[in-house]
Colleague: 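One structure, pasted below without further comment.
By convention in this document, chain letters (A, B, ...) are assigned in the order of the sequence lines, proteins followed by strands, and residues within each chain are numbered from 1.
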Amino acid sequence: MDKKYDFSAIERKWQQDWEKRGLHKVVRDDSREKFYLLEMFPYPSGKLHMGHVRNYSIGDVMGRYYTMQGKNVLHPMGWDAFGLPAENAAIKHGVHPDPWTRENIANMREQLKTMGISYDWDREEGTCLPEYYKWTQWIFTKFFERGLAYKKKAAVNWCPSCATVLANEQVIDGHCERCDSVVEKKDLEQWFFRITDYAQRLLDDLDKLPGWPDKVKTMQENWIGRSEGVQLEFHTEAGDPVPVFTTRHDTVYGVTYMVLAPEHPLVAKLTAGTAYEQPVQEFVRRVSKLSFIDRTSSDLEKEGMFIGAYAINPVTQERVPIWITNYVIYEYGTGAVMGVPGHDQRDFDFAKKYGHAIRRVVAPPQWDGSELQEAYESYDGIMVNCGKYDGLTVPEAKKQMADDMEAAGIGKRVVNYRLRDWLISRQRYWGAPIPIVYCEKCGAVAVPEDQLPVLLPTDVEFKPTGESPLKTSPTFRDTTCPVCGGPAVREMDTMDTFVCSSWYFLRFTDAHDPKEAFNRELADYWMPVDQYIGGVEHAILHLMYARFFTKVFHDMGLCETEEPFTNLLTQGMVLKDGSKMSKTKGNVVSPEVIINRFGADTARLFILFAAPPERDLEWNDTAVEGCSRFLSRFWRLYVNILEREGLDAPLPATFTEADKAVRRAVHGATKKVGEDIAVRCQFNTAISAIMEAVNAVYDYLDSEAPNAAILHESAEYLLQLLAPFAPHITEELWHEMGHTESIHISHWPAYEEAALAQDSVEIVVQVNGKIRARLQVPANSSQEELAEIVRSQPQYAEWLAGKTVTKTIAIPGKLVNLVVK
RNA sequence: GCGGGCGUGGUGGAAUGGCAGACACGAUGGUCUUAGGAGCCAUUGCUUCGGCGUGCAGGUUCAAGUCCUGUCGCUCGCACCA
């Protein structure tokens with residue numbers, strides 16, 4: 001064998017070999033336990049970045065490990081291939097998005113192959129391919145049938161730079177998630193998915209996901225934003241109902257005014273023909289012109305205006321003025337709020353500014369009778385100024401008042417969610433066309449399955465006008481109604497790309513099926529995904545949408561599972577010089593360059609060794625070289641061992657101390673690596689355990705009489721332990737050791753419990769917790785024996801320093817602590 | 001403001017409540033060498049050599065990086081959600 005580790009030749013050789021032999025192809029096999037392993041599929045930008053390398057390296061360790069454990073591992077890869085970058089490239093460079101995307105996919109596929117990831121490439125899918133988006137469209141039509149897809153006019157988030165609308169989830173701090181432009185509000189007719197119908201289930205079922213990080217579950221919980229309260233029926237003096245939503249119905253006696261959102265329909269009605277009409281319209285216009293970011297910022301100065309009308313408090317029959325303000329959100333609750341300045345800080349500020357009365361209805365436990373200097377929002381208190389409710393605690397009052405409101409028919413307990421329906425229309429070309437046609441007679445009609453897919457037309461122009469290129473097609477728009485055959489026009493919007501990625505994990509179970517989106521039997525065999533891996537940036541958007549789709553599919557009888565991802569690992573970012581790698585910062589390290597220079601095995605080893613997967617990882621060039629040196633050192637170990645005679649001899653009947661030491665190291669590492677991969681997902685410590693074992697084998701080579709059979713055993717174990725991390729070098733050495741089958745389908749080695757045992761162990765002697773000595777003691781000494789050993793030591797009196805022992809704590813294998821006084 | 005997470009050597013990071021700093025990177029010295037950005041050997045938390053050390057202050061415990069309380073700092077998510 002070569003004396004030198006030629007990673008480049010080795011990696012190429014085995015990548016070709018695996019591909020030729022179809023090593024990673026997988027089919028349903030009921031004789032083995034299935035394991036569905038999935039990494040979030042990438043957008044085909046054209047080049048892999050280090051985040052991808054990390055994501056897929058983590059996945060590949062698990063995939064190869066579970067395969068060696070005998071599981072039937074599905075490990076597919078595909079492309080989240082629709083989206084704006086392709087369209088922007090088209091506008092900028094005049095290349096059509098389709099070939100641009102395909103070329104990027106081809107590049108990235110090749111780069112992925114140089115990493116040696118164990119994908120079943122036969123299942124590769126791309127969301128932009130008609131064979132895929134046909135089924136995305138079919139799913140839309142099913143949602144439409146079930147009333148889960150509907151069209152409505154709404155104030156929507158508009159990104160002027162992308163010239164399209166955005167889902168609420170895609171607006172980050174009032175900016176476009178994609179291009180960072182300030183998002184505007186626009187009134188448009190758009191398609192929505194009724195995800196709010198599933199709000200409660202999406203919330204409740206988080207409890208069924210013990211394998212998800214709490215952080216992600218908390219984020220989803222906050223995003224769903226459930227709050228319980230009462231919808232209370234106020235009326236205007238003229239009799240118009242004005243329901244309000246409140247979580248503090250206990251403070252209804254503290255209401256001193258009412259506020260409406262400027263968009264509230266009653267605003268125009270109540271002011272029509274009054275002196276207030278003009279100034280109110282002026283105010284509404286001014287507020288609606290505010291950008292999204294200003295409008296929803298809590299820094300915004302609270303402004304308001306009386307609209308000349310009054311409402312009647314249904315509990316107290318008090319007459320309170322109706323105002324409009326810029327801080328009430330029309331889309332949440334009922335768009336109307338009761339103003340309780342005494343117990344809500346926003347209302348307090350507003351009341352101070354505009355001279356509304358501030359009334360205390362909750363008194364803190366030790367109230368000295370003083371005035372409110374700020375809103376008292378705490379639930380810890382006693383009701384005052386509340387008539388018959390005086391003296392109740394806040395929780396008591398909440399219950400009693402809600403009961404009374406319901407009995408009197410003036411209010412009902414309701415639950416509100418912060419979650420809004422998912423706006424899926426996009427005014428762009430490079431997405432799946434929404435399969436709807438508009439017929440004058442029949443209205444909006446879903447395109448029937450036998451006419452799917454609605455193909456993207458190619459006769460379009462890409463111009464930087466902001467207009468969707470789809471609208472430039474002379475052939476796309478006009479069609480016939482599938483119901484009555486009359487003239488009809490197509491929907492010109494495409495779907496949010498998050499729709500395409502909300503079901504791809506199901507398609508992988510039955511990729512390329514021409515007859516259905518996925519086969520139920522196959523889906524039920526493979527689903528749910530046992531391990532999903534990706535960036536935490538998808539904690540809300542993608543992961544919530546995918547859960548929503550899966551629940552709908554379940555309800556439709558398309559699959560058994562209700563939760564798509566059993567275990568979720570959210571990997572940290574790859575940083576350089578303390579910040580995320582980005583072109584603008586100029587701190588990008590190219591995976592291609594690293595793999596060419598050091599090899600895929602080194603790149604993978606470094607990225608797995610440098611930090612636990614969930615934590616951010618600081619890129620370090622010299623540490624990469626360190627990993628490269630480790631693999632060279634690993635290689636030389638085998639050069640040394642393979643030169644020896646007698647490797648195939650059976651293990652000796654008795655072991656020397658050196659034999660025992662090396663076997664303990666190797667078998668101990670076997671135990672630890674298995675646990676680190678399967679239980680803890682801590683690959684850095686797994687690798688360090690392998691390094692320790694390698695060091696132990698080197699020590700053994702230097703020992704008096706290293707036994708060839710033990711070297712052989714150690715060498716095989718270490719190869720198998722390292723195989724999931726560095727698949728190429730281990731495959732090469734495995735064959736050098738005489739194997740003819742791939743190491744990656746060999747059985748994960750079992751450690752021998754007996755090899756872990758030690759004859760003697762070092763324990764620590766402490767006096768009052770301070771270390772005084774270390775002793776070698778027989779490994780299986782009991783507590784009593786340990787105490788006796790310590791007492792019999794010549795230095796025993798010295799340790800006590802004249803004091804008397806009041807207690808002796810003996811922990812076998814660890815320490816003896818003498819408590820003295 | 002609300003809700004998560006995290007604070008350990010020069011660096012990345014280890015430590016089922018039981019020897020803090022495993023394993024590496026870097027650094028220093030040595031060795032081999034025509035050469036060394038290779039290999040090998042040694043040292044590497046601080047220290048006045050008594051000890052002291054896991055952001056800070058308390059607490060629980062025979063024993064705390066780990067559990068509890070408070071606090072400071074960093075970070076992520078949500079945020080005028082009534």
Colleague: Looking at B/C62, does its base get a donor-acceptor pair with the side chain of A/K807 below 3.5 Å?
Modeller: no
Colleague: Checking only heavy atoms, does the side chain of A/R420 share a donor-acceptor pair with the base of B/C81 at less than 3.5 Å?
Modeller: yes
Colleague: Parallel, tilted or perpendicular, judged at 30° and 60°: which one describes the rings of A/Y717 and A/H667?
Modeller: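 Ring orientation, 0 to 90° scale: tilted.
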Colleague: Give a yes or no answer on whether the side chain of A/E618 reaches the backbone of A/A611 with a donor-acceptor pair at less than 3.5 Å.
Modeller: no
Colleague: Would you kindly check if the NZ (Lys) or CZ (Arg) of A/R420 is within the cone defined by 45 degrees around the ring axis of A/Y332 and under 6.0 Å from the six-membered ring centre?
Modeller: no
Colleague: Under 4.0 Å from OP1 or OP2 of B/A82: is there any side-chain N or O of A/Y332 that close?
Modeller: yes
Colleague: Work out how far the C1' atom of B/C78 is from that of B/C67, and round it to whole angstrom.
Modeller: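 B/C78 and B/C67 have their C1' atoms separated by 30 Å.
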Colleague: Between the base of B/C62 and the side chain of A/N817, is there a donor-acceptor distance below 3.5 Å?
Modeller: yes
Colleague: Give one of base, sugar-phosphate or nothing for A/P213, where a contact means two heavy atoms less than 4.0 Å apart.
Modeller: nothing
Colleague: Would you indicate, yes or no, if B/G13 has its OP1 or OP2 atom less than 4.0 angstrom from a side-chain nitrogen or oxygen of A/N620?
Modeller: no
Colleague: Quantified in whole Å, what is the P atom distance between nucleotide B/A22 and nucleotide B/A15?
Modeller: 12 Å
Colleague: For A/R680 and B/A15, is the shortest distance between a side-chain N/O and OP1 or OP2 below 4.0 Å?
Modeller: yes
